[in-house]
Amino acid sequence: MSASATGAAVVTGASTGIGAATATALARAGLHVLAGVRDAASAERTARAAAAEDLSVEPVHLDVTAAADVAALRGRVEELGRQGLPLAALVNNAGLAVTGPVECVPLDAWREQLEVNLLGAVATTQALLPALVGARGAVVNVSSMAGRVAGPLFAPYSASKHALEATSDALRREVRGLGVRVVVVEPGVVRTGIWAKGLATRAVRDSWLDDAQRSRYGAFLAAAERAARGADRRGVEAQAVADVVVRAVRSHRPRTRYPVGRDAALAVRLARLLPDRALDALVAGLRG
Ligand SMILES: NC(=O)c1ccc[n+]([C@@H]2O[C@H](COP(=O)([O-])OP(=O)(O)OC[C@H]3O[C@@H](n4cnc5c(N)ncnc54)[C@H](OP(=O)(O)O)[C@@H]3O)[C@@H](O)[C@H]2O)c1
């Protein structure tokens, strides 16, 4: 642990992508970062990357769906507090994307989606809120532009992020007088492994559909695959999201929501301005 750290931060899902970039960025900003990872290889990679830059990053084993992991995290945060490192920020970033037609996605897959993206964030927030109140820290929930607009095939993912947005709104209003800031970050397309993971599990998703459903939703499936393949060209870097998280954590009066990327800014604005039918027509046009 660096002697110069001014406080602590927790980042969930810090093995790759936005979480890894955010853990590094918060450590560069002077915090001791507990970086949630799920396996030894990720812990080792995270520790090595931090050591190369002399950053104060401590990998912690954290599956956000495992109560024992969350309890251990709480214990470690309390210990750091006693050592003079109050919890400046909790970044709920861990997530995965379950996609497919509403008609076809098995309920177990829906449950996994909500378990990780929504209840995982709720669990860590419940565990760490006392420390955040004591430190007047910030909760940053990594949502998505899908938390504002729900496109075809994105119902499970969008439902998890809409629910995370609603939870963030309620929490912000609950802790308003306690000095805890609650912020939602809403990235558009970001160049991370999440898209390749989606392509890699395509065979599983295909097995959810029978022939009639495949023909019913074929155009959406083809468009989704094109979008996933194009994410590397269109997306912003994870660093762009990490920079926004650091800005939000440092701000005494952050905005409630930070869209990241032009696509997110546009989606959020259109969702606010357009009537539902106009938005439907626009989304249908994008499919072509
Ligand atoms: N990439 C985008 O275009 C985009 C856009 C908007 C929002 N987001 C959001 O950004 C966040 C990070 O995604 P990413 O794009 O950086 O993807 P990523 O590289 O796939 O990272 C996802 C992270 O979540 C972790 N994770 C998954 N299930 C977990 C669990 N049960 N407990 C703890 N950690 C878990 C993964 O750990 P393992 O390595 O162990 O699997 C990984 O560290 C997600 O919430 C995602 O919805 C991404």
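Source: prediction; values computed, not measured. Whatever order the structure lists them in is the order used to number ligands and atoms, beginning at 1. FYI, the numbering just counts along the sequence from 1.
Ligand 1 has K161 within reach: a non-hydrogen atom of the residue lies less than 4.0 Å from it. For A20, the heavy-atom gap to ligand 1 stays at 4.0 angstrom or more.
Interface atoms of ligand 1 facing G17, defined by a heavy-atom separation under 4.0 Å, are 16 (O), 19 (O). Every atom of ligand 1 is numbered from 1 in the order shown, and the set under 4.0 Å from a heavy atom of W195 is 1 (N), 2 (C), 3 (O). Shown in contact with V189 at under 4.0 Å from a heavy atom are these atoms of ligand 1, numbered in order with element: 3 (O). Numbered from 1 in the order shown, with element, the atoms of ligand 1 that lie under 4.0 Å from a heavy atom of V116 read 28 (N), 29 (C), 31 (N). Per-residue contacts place S144 under 4.0 angstrom from the following atoms of ligand 1 (heavy atoms of the residue considered): 6 (C), 7 (C).
Counting protein heavy atoms only, atom 7 (C) of ligand 1 is closest to S143 O, 3.1 Å. For atom 23 (C) of ligand 1, the nearest protein heavy atom (residue, atom name, distance) is G13 O, 3.7 Å. Of all protein heavy atoms, the one closest to atom 47 (O) of ligand 1 is Y157 OH, 2.5 Å. Given atom 20 (O) of ligand 1, the protein heavy atom at minimum distance is K197 NZ, 2.5 Å. Of the protein's non-hydrogen atoms, the one nearest atom 14 (P) of ligand 1 is T192 OG1, 3.4 Å. Summary of contacts: the protein heavy atom closest to atom 33 (C) of ligand 1 is L62 O, 3.2 Å. In terms of protein heavy-atom proximity, atom 42 (C) of ligand 1 is nearest to S15 OG, 3.5 Å. Among all protein heavy atoms, the one lying closest to atom 21 (O) of ligand 1 is T16 OG1, 3.4 Å.
With sequence neighbours excluded, no residue forms a salt bridge (Lys or Arg N to Asp or Glu O under 4.0 Å) with R253. When the side-chain contact (heavy atoms from CB on, under 4.5 Å) test is applied to R48, the partners found at least two apart in sequence or on another chain are E44.
Electrostatic pairing of R82 and E79 does not count as a salt bridge here, judged by no charged N lying under 4.0 Å from a carboxylate O.
Polar contact with ligand 1: present for I18 (N/O pair, distance under 3.5 Å). Checking only distances, D39 never comes within under 3.5 Å of ligand 1, N or O to N or O. Annotation: P187 places no N or O atom under 3.5 Å from an N or O atom of ligand 1; distance criterion only.
Using a distance-only test at 3.5 Å, with no hydrogens or angles considered, a donor-acceptor pair links the side chain of H61 to the main chain of R38.
Applying the 6.0 Å contact sphere to CZ of R269 captures no more than 12 heavy atoms from other residues, nucleotides or ligands.
The closest side-chain heavy-atom distance from L128 to V10 is below 4.5 Å.
Counted by atom type alone, S168 and N141 present one or more donor-acceptor pairs between their side chains at under 3.5 Å. Counted by atom type alone, N93 and T22 present zero donor-acceptor pairs between their side chains at under 3.5 Å.
When the heavy atoms of G95, A35, G193 are ranked by distance to atom 22 (C) of ligand 1, first place goes to G95. Here the shortest heavy-atom distance to atom 44 (C) of ligand 1, taken over V142, L96, N93, V236, belongs to N93.
Here the straight-line distance linking atom CD of E174 with atom OG1 of T167 works out to 9.5 Å at 0.5 Å rounding.
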